[in-house]
Number of protein chains: 2
Amino acid sequence: MNKKIPGIYNSLQEIAWHFGNHGVNGECCGDLSLVEFMALKKAYENIDFSIQEIGCALNFTKSGASRIIDRLMNKGYVTRERSPIDGRICCVPLTAKGTEVVTSIMERYTAYLDEVLKDLDPPTIEKIKDGLDILLKEVRRHESPFIEN
Amino acid sequence: MNKKIPGIYNSLQEIAWHFGNHGVNGECCGDLSLVEFMALKKAYENIDFSIQEIGCALNFTKSGASRIIDRLMNKGYVTRERSPIDGRICCVPLTAKGTEVVTSIMERYTAYLDEVLKDLDPPTIEKIKDGLDILLKEVRRHESPFIEN
DNA sequence: CGTAATGGTTGACAACAGCAACCAATATTG
DNA sequence: CAATATTGGTTGCTGTTGTCAACCATTACG
């Protein structure tokens, strides 16, 4: 094992915690929990995703996913649309309000990140980006098993 | 704003999600939730932390922290010890079993990370580590406000 | 002293996600 | 084509979890 790995693990866990449920969050997502925001973001990025595909992408069971979509619907951010091709499938298009909310949250996050990194010079920021991208690429290659229920 | 920031935000959020509650987790912490593991780790790393300090470090209210410690106690991983100096304060020393568990989980995480990164050459791994460390340092300088209740 | 402040605990509550059973729609098979 | 299997989604029920507010005990302060 490369001797840098434990250090990477420690930093990574702290960063993941910070950007996860209990870190930045609290007010950063407005009236959305992190989970709801992530689901909304998936629906935003993949206009043709079904409810299960959203759940799958976030490691939820289909019932969990259905409930998250319930909440997003109650808040007026998405609607349910049965697919005309396959009547079992529900797509989840965003409302105008939903699009507005998801983009504004993303902007807030990036603004926060910009604030955090504002004292670094461009090559250093480049280095952070490269490191994260490589890491992410390797992580994706080792996808965790999907949940099916 | 540096134009790399949005990309960093996206990668970071995906990575944080992956290493957070709904990603790797599930079985990776044995009989501990991620929250419980993080609390146990804090107690392990800071032998003199009070219950509130652990909660504070993880962004929990004091009652939330107390309940997490409850669960760790019920599982036999920590004990509550009133401080002899200030009788209000509870320290949370780990039991032998608790120490064994926390180290074994950390080992499992590092082993997983090693597996994920095994195809990268040392300079690339170095680059990831440097990027994360710089990022973490900046994040720490912008600590989120503490929760007090 | 008596009052305030601090650390911790607990009862009540609401949010949340899983399971299993269910319905509706599509696929498959004989 | 009819009968059955499979798939996507929903829902009743449940157990876990974390917050709030009220509380107790201990320490600090006037």
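Each chain gets a letter, A, B and so on, in the order the sequences are listed, and its residues count up from 1.
For A:Val35 and A:Ser83, each mapped to the nucleotide of DNA chain C holding its nearest heavy atom, the one lying further toward the 5' end belongs to A:Val35. Between A:Pro84 and A:Ala65, the one whose closest nucleotide on DNA chain C sits nearer the 5' end is A:Ala65.
Here the P atom of nucleotide D:dG12 and the CZ atom of A:Arg67 are 8 Å apart, to the nearest Å. Whole-Å rounding puts the B:Ile68 CD1 to C:dT10 C1' distance at 16 Å. Between the CG atom of A:Asp31 and the P atom of C:dA15 there is a distance of 13 Å, rounded to whole Å. Atom CZ in A:Arg80 sits roughly 16 Å away from atom P in C:dA25 (whole-Å rounding). Put simply, NZ on A:Lys62 is 10 Å from P on D:dT10, counting in whole angstrom units. Put simply, CD1 on B:Ile89 is 6 Å from P on C:dG7, counting in whole angstrom units. For the pair A:Leu58 CG and C:dA17 C1', the computed distance is 13 Å after rounding to whole Å. Whole-Å rounding puts the A:Asp70 CG to D:dT11 P distance at 7 Å.
Nearest nucleotide to the B:Phe60 side chain, out of D:dG18, C:dA27, C:dT9: D:dG18. Checking C:dA25, C:dT10, D:dT17 against every side-chain atom of B:Ser63, the shortest atom distance belongs to C:dT10. Here C:dG7 is the nucleotide among C:dG18, D:dT19, C:dG7 with the atom lying nearest to any side-chain atom of B:Gln52.
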Quiz prompt | Intermediate values then yes/no, salt bridge (charged side-chain N to carboxylate O under 4.0 Å, His left out), B:Asp130 and A:Lys127 | solution = CA-CA 8 Å; B:Asp130 289 352; A:Lys127 187 173 191 173; 3.3 Å; yes

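Salt-bridge annotation for B:Lys129 and B:Glu126: absent, with no side-chain N of the basic residue lying under 4.0 Å from a carboxylate O of the acidic one. Contact check on A:Arg80 versus A:Asp70 returns a salt bridge, with a Lys/Arg side-chain nitrogen under 4.0 Å from an Asp/Glu carboxylate oxygen. Salt bridge status for A:Lys97 with A:Glu100: absent, with no side-chain N to carboxylate O gap under 4.0 Å.
For D:dT19, the OP1/OP2 oxygens have a side-chain nitrogen or oxygen of B:Thr61 closer than 4.0 Å. Contact check, A:Ser66 against D:dG9: no side-chain N or O comes under 4.0 Å of OP1 or OP2.
When heavy atoms are screened at a 4.0 angstrom cut-off, A:Gly64 is found touching the sugar-phosphate backbone but no base atom.
Remark: A:Lys137 NZ is loosely packed, at most 12 non-hydrogen atoms of other residues, nucleotides or ligands lying under 6.0 Å away.
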